K.L.:
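Please see the structure below; I have some questions.
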Amino acid sequence: MGLDEERTLTQPKKFRKTVVDPGIATHRGRIVETTGDGTLVEFASAVDAARGAAEVQRAMATQNINVPQDERIEFRIGIHVGGIIIDDNDIFGDGVNIAARLEGIAEPGGICVSDDAQRQIRGKTELAFDDMGPQSLKNIAEPMRAWRPTSSCGITS
C-alpha cells in the first residue's frame, strides 16, 4: 500500500473480475462475503473448493510471472469441511473459523486444507498433498492436522 496505493486498490478488483469470480463460478461456489482483502466462499463440496482454489492460484501465478516479487498480488486460501450456521445469506460457525485460520497459515499463492477436507479431496482431483502435521490455530482448542498441495501441482506451498 505504501509504495503504490492506487495499484494496491485496483489490482485485486481486476483479478477478482477476471480470475477469482470465474474460478469460483465454474466450480459451483458462492461468494458469501467480502471483507477488504478477504473473501468467504461456500462450495457444494470439498472437491469443488479444491478445484476452484487450484484454478485461481494457477491463474494468479500466471498473472505474476513478469511482476516483481514486491509488487505481486498473491492470495492465500484455506479449505475446511465442517458445520456452519446459515443466517440469511451469511454463514458462521467453527467451519468458517477453521477455514479462516488455515488461510492464515497458507503460503502466499498457496492453499492449506484441513485433514477433514483432504480426506474428501484425496484421489478425486489432480492435487496431491504434503502433510504439514498438527497445527495450532488461533482460537481452536486442539491442534489440527493440515495439508498443502505438493510443489508438483503447480501451486506454491
Side-chain angles (χ1 to χ4, degrees), residues 8 11-12 14-16 18-84 91-157:
T8 302
Q11 286 296 92
K14 171 189 161 195
F15 292 134
R16 173 146 181 231
T18 61
V19 176
V20 177
D21 288 359
I24 291 169
T26 299
H27 298 283
R28 301 185 304 157
R30 171 181 81 92
I31 295 176
V32 175
E33 177 181 47
T34 57
T35 56
D37 65 351
T39 303
L40 176 61
V41 181
E42 177 185 34
F43 285 89
S45 72
V47 171
D48 287 332
R51 287 180 177 150
E55 183 177 314
V56 166
Q57 293 298 45
R58 287 186 188 120
M60 287 304 299
T62 300
Q63 295 285 328
N64 284 323
I65 285 175
N66 295 316
V67 178
Q69 183 68 39
D70 64 338
E71 294 179 20
R72 291 180 181 173
I73 303 293
E74 295 180 306
F75 301 126
R76 300 171 193 253
I77 298 175
I79 300 173
H80 178 62
V81 175
I84 58 171
I91 59 176
F92 304 92
D94 281 344
V96 174
N97 294 337
I98 291 169
R101 299 302 181 225
L102 291 168
E103 174 268 329
I105 64 171
E107 296 291 324
I111 301 168
C112 184
V113 303
S114 68
D115 203 40
D116 293 336
Q118 191 272 346
R119 275 195 295 276
Q120 291 190 27
I121 298 165
R122 183 177 48 219
K124 296 177 182 154
T125 72
E126 74 286 357
L127 298 173
F129 292 91
D130 289 331
D131 187 350
M132 297 170 64
Q135 302 290 311
S136 294
L137 304 174
K138 182 180 174 184
N139 296 328
I140 305 299
E142 295 183 25
M144 176 171 282
R145 183 169 299 280
W147 300 79
R148 63 179 164 216
T150 63
S151 58
S152 64
C153 294
I155 299 169
T156 305
S157 57

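Computed from heavy atoms alone, side chains included, the values below leave out hydrogens, waters and symmetry copies. Here the structure is a predicted model, which is why all the values come from computation and not from measurement.
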K.L.:
Would you say Val96 and Leu40 make side-chain contact, with heavy atoms under 4.5 Å?
P.N.:
yes
K.L.:
Between CD of Glu126 and CD1 of Ile121, what distance do you get to the nearest 0.5 Å?
P.N.:
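So the CD of Glu126 and the CD1 of Ile121 are separated by 10.5 Å.
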K.L.:
Could you grab the distance from atom CD of Glu55 to atom NE2 of His27, nearest 0.5 Å is fine?
P.N.:
3.5 Å
K.L.:
Provide the closest heavy-atom pair for Ala146 versus Gln135 in the form atom of the first, atom of the second, distance.
P.N.:
CB-CG, 3.7 Å
K.L.:
Are side-chain heavy atoms of Glu103 and His80 found at a separation under 4.5 Å?
P.N.:
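No, their side chains stay 4.5 Å or more apart.
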K.L.:
Which heavy atom of Arg28 sits nearest a heavy atom of Ser45, and at what distance?
P.N.:
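Heavy atoms of Arg28 and Ser45 come nearest at NH2-OG, 4.2 Å.
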K.L.:
Are any side-chain N or O atoms of Arg76 and backbone N or O atoms of Ala106, one a donor and one an acceptor, separated by less than 3.5 Å?
P.N.:
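The answer is yes, because a donor-acceptor pair under 3.5 Å joins these two groups.
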K.L.:
Could you check if a side-chain atom of Met144 sits within less than 4.5 angstrom of a side-chain atom of Arg101, using non-hydrogen atoms only?
P.N.:
no
K.L.:
Answer yes or no: is there a side-chain heavy-atom contact under 4.5 Å between Phe43 and Ile79?
P.N.:
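They are not in side-chain contact.
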K.L.:
What I'd like to find out is whether the side chain of Ile105 reaches to under 4.5 Å of the side chain of Met132, using heavy atoms alone.
P.N.:
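Sidechains of Met132 and Ile105: in contact.
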K.L.:
Which atom pair, heavy atoms only, marks the closest approach of Gln57 to Gly110?
P.N.:
NE2-O, 2.9 Å
K.L.:
In Å and rounded to the nearest 0.5 Å, what is the CD1 to CZ distance from Ile24 to Arg30?
P.N.:
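Between Ile24 CD1 and Arg30 CZ, I get 11.5 Å after rounding to 0.5 Å.
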K.L.:
Do you know the tightest heavy-atom contact between Gly109 and Glu74?
P.N.:
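Result for this residue pair: N-CB, 3.8 Å.
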K.L.:
Compare every heavy atom of Pro149 with every heavy atom of Leu127, then report the nearest pair and how far apart it is.
P.N.:
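Answer, listing the atom of Leu127 first, then Pro149: CD2-CB, 4.4 Å.
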K.L.:
Hey, what do you get for OG1 (Thr150) to CG (Asp131), rounding to the nearest 0.5 Å?
P.N.:
13.0 Å
K.L.:
Has Arg72 got a side-chain atom pairing as donor or acceptor with Asn64's backbone, closer than 3.5 angstrom?
P.N.:
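Yes; judged by distance alone, with no hydrogens or angles, the pair exists.
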K.L.:
Rounded at 0.5 Å granularity, tell me how far CG in Asp130 sits from CD in Gln118.
P.N.:
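Between atom CG of Asp130 and atom CD of Gln118 there are 10.5 Å.
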K.L.:
Would you give the length of the straight line joining atom CZ of Arg119 to atom CZ of Phe129, rounded to the nearest 0.5 angstrom?
P.N.:
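Nearest 0.5 Å value for the CZ-CZ distance: 13.0 Å.
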K.L.:
Taking all non-hydrogen atoms of both residues, which atom of Val19 and which atom of Ala59 are closest, and how far apart?
P.N.:
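Minimum heavy-atom separation between Val19 and Ala59: CG1-CB, 3.5 Å.
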K.L.:
Any non-hydrogen side-chain atom of Ile31 less than 4.5 Å from a side-chain atom of Arg16?
P.N.:
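The answer is yes; the side chains approach within 4.5 Å.
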K.L.:
Less than 4.5 Å apart, any side-chain heavy atom of Thr39 and any of Phe75?
P.N.:
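Counting from C-beta outward, Thr39 and Phe75 never come under 4.5 Å.
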